[in-house]
Amino acid sequence: MSPDPRIAYLGPAGTNSETVAHYFGQPWRHPIWLPTSTIAQVLHQVAQGEADYGVVPVENSLEGSVTMTLDLLWRLPHLYIQQGLILPILHALISRCSEIQQIQRVYSHPQALGQCQYWLEEHLPHIPWLPTRSTAEALQYVEREPQAAAIAAPRAAQALHLPVLAADLAADNLTRFWVIGATFQRLGTHTTLAFSVPENRPGALVQVLTHFAEQDINLSRIESRPTRRSLGEYFFSVDLEGAQTEPRIEQTLAALRLKTSRLCNYGSYTITAVVVPADTVG
């Protein structure tokens with residue numbers, strides 16, 4: 001077993017990122033926990049050698065990709081995916097108000113607000129939604145403001161002894177997290193790449209994607225993101241089913257190096273479901 005690692009994640013206590021980080025840290029006896037205020041801080045700590053691993057959300061089943069994670073991986077060098085972890089997300093409405101009708105504002109992370117938008121539109125249609133840096137941070141407003149509510153995990157409300165007015169605000173809600181580190185891996189069930197094409201012209205992207213089809217490689221996710229250098233210039237983030245060690249993927253990577261202007265290989269990894277003990281989810 002390697003020495004106890006430093007593991008960074010989006011804090012404070014009670015976030016879903018903390019749950020995933022602690023699940024990942026189970027093999028070690030005394031991991032050093034590094035809660036941060038933002039996803040960007042998590043990745044910067046790993047890039048700067050201040051953390052051995054960083055746990056960051058990458059995709060939600062209701063709201064789609066977490067673009068901050070994709071953009072920073074493109075910008076920061078020498079960061080690689082160590083593992084994928086999928087967490088069932090439970091959102092609760094937490095407030096000191098005795099009735100939902102007394103609530104005047106709702107705080108939460110923008111992703112959580114988006115995931116619960118249909119419930120909010122039905123039950124609190126005229127109440128402002130106010131973003132916070134994390135779902136757990138939103139609970140600080142509930143403690144200070146009598147007419148405020150927060151959307152956060154039920155276990156976070158339990159830890160602070162705050163009332164839950166409504167539970168399970170967004171059904172079938174799953175978030176995929178990546179564990180980021182400095183070690184490049186070739187084994188696993190999935191591989192993630194990002195690339196840009198040499199010029200913005202018809203067929204440029206198709207020429208790249210054709211190589212995946214020719215090798216019978218399934219893309220489980222593809223997304224375009226602005227490079228932030230000029231209007232209309234994008235990079236593409238893709239997840240492949242398969243590992244670097246497979247000849248078909250090795251051949252495809254060799255072809256992509258000739259067809260792309262920049263190719264980032266984040267390595268191969270395995271995706272695992274996070275099993276949360278029953279006494280922490282409700």
Side-chain angles (χ1 to χ4, degrees), residues 9-21 35-43 55-72 86-177 223 225-226 228 276 280-282:
Y9 60 91
L10 177 64
T15 64
N16 291 305
S17 292
E18 182 191 53
T19 297
V20 176
T36 71
S37 298
T38 65
I39 293 171
Q41 289 178 13
V42 174
L43 293 174
V55 175
V56 290
V58 64
E59 184 179 23
N60 177 261
S61 59
L62 303 181
E63 281 293 285
S65 294
V66 180
T67 56
M68 174 67 73
T69 297
L70 300 179
D71 292 351
L72 282 169
I86 297 178
L87 177 71
I89 303 297
L90 293 178
H91 285 314
L93 186 72
I94 301 158
S95 177
R96 293 190 184 280
C97 295
S98 58
E99 298 179 353
I100 290 178
Q101 292 74 17
Q102 297 173 346
I103 295 171
Q104 296 298 310
R105 50 201 163 274
V106 177
Y107 294 93
S108 196
H109 188 276
Q111 276 277 329
L113 292 171
Q115 293 161 24
C116 300
Q117 62 177 312
Y118 296 129
W119 190 96
L120 289 170
E121 289 168 354
E122 179 180 354
H123 296 91
L124 294 168
H126 305 299
I127 302 304
W129 310 349
L130 302 174
T132 58
R133 290 178 296 182
S134 70
T135 54
E137 183 186 72
L139 295 176
Q140 298 173 13
Y141 293 91
V142 173
E143 293 184 297
R144 301 197 295 257
E145 302 177 16
Q147 294 180 306
I151 293 175
R155 63 187 173 278
Q158 291 172 353
L160 295 174
H161 306 288
L162 293 172
V164 172
L165 295 189
D168 199 15
L169 307 187
D172 303 317
N173 192 0
L174 301 170
T175 294
R176 181 160 58 104
F177 291 78
E223 179 150 358
R225 293 293 304 154
R228 299 177 181 263
V276 181
T280 68
V281 299

Looking at [atom1] of [X] and [atom2] of [Y], how far apart are the two atoms once the value is rounded to the nearest 0.5 Å?
X	Y	atom1	atom2	result
Glu63	Asn173	CD	CG	9.0 Å
Leu10	Thr69	CG	OG1	9.5 Å
Thr67	Leu72	OG1	CG	9.5 Å
Glu145	Gln140	CD	CD	11.0 Å
Ile127	Gln101	CD1	CD	10.0 Å
Thr15	Arg133	OG1	CZ	12.5 Å

Shortest non-hydrogen separation from [X] to [Y] and the atoms involved:
X	Y	answer
Ala170	Leu62	CB-CD1, 3.7 Å
Leu174	Pro88	CD2-CA, 3.6 Å
Ala92	Leu169	C-CD1, 3.9 Å
Pro12	Ser134	CD-OG, 3.2 Å
Ser61	Asp172	OG-O, 3.0 Å
Pro57	Thr175	CB-CG2, 4.0 Å

Would you please name every residue forming a side-chain contact (heavy atoms from CB on, under 4.5 Å) with [X], sequence neighbours left out?
X	result
Ala149	Leu93, Ser95, Ile103, Val106
Glu143	Arg96, Leu160, Leu162
Thr19	Leu87, Arg155, Val276
Val42	Ala8, Thr36, Val56

message: Let's go through Met68 and Leu43 carefully: what are the C-alpha distance in whole Å and the side-chain angles of both, what is the deciding distance for side-chain contact (heavy atoms from CB on, under 4.5 Å) to 0.1 Å, and is it a yes or a no?
response: CA-CA 10 Å; Met68 174 67 73; Leu43 293 174; over 6 Å; no

Sub-4.5 Å side-chain heavy-atom contact between Val66 and Asn60: no

N/O donor-acceptor pair under 3.5 Å between Thr135 side chain and His109 backbone: no

query: Are the side chain of Ser65 and the backbone of Glu59 linked by a donor-acceptor contact shorter than 3.5 Å?
result: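 No; zero donor-acceptor contacts below 3.5 Å.
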
- request: Sort and list the pairs that fulfil ring pair (Phe, Tyr, Trp, His ring centres under 6.0 Å) and have at least one residue in residues 127-170, not counting sequence neighbours.
  value: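 Every ring pair (Phe, Tyr, Trp, His ring centres under 6.0 Å) pair that includes a residue of residues 127-170, provided the two are not neighbours, is Tyr107-Tyr141.
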
- prompt: For Trp119, which residues count as a ring-ring contact (aromatic ring centres under 6.0 Å, His included) partner, sequence neighbours excluded?
  reply: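 Once residues adjacent in sequence are excluded, the partners of Trp119 under the ring-ring contact (aromatic ring centres under 6.0 Å, His included) criterion are His123.
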
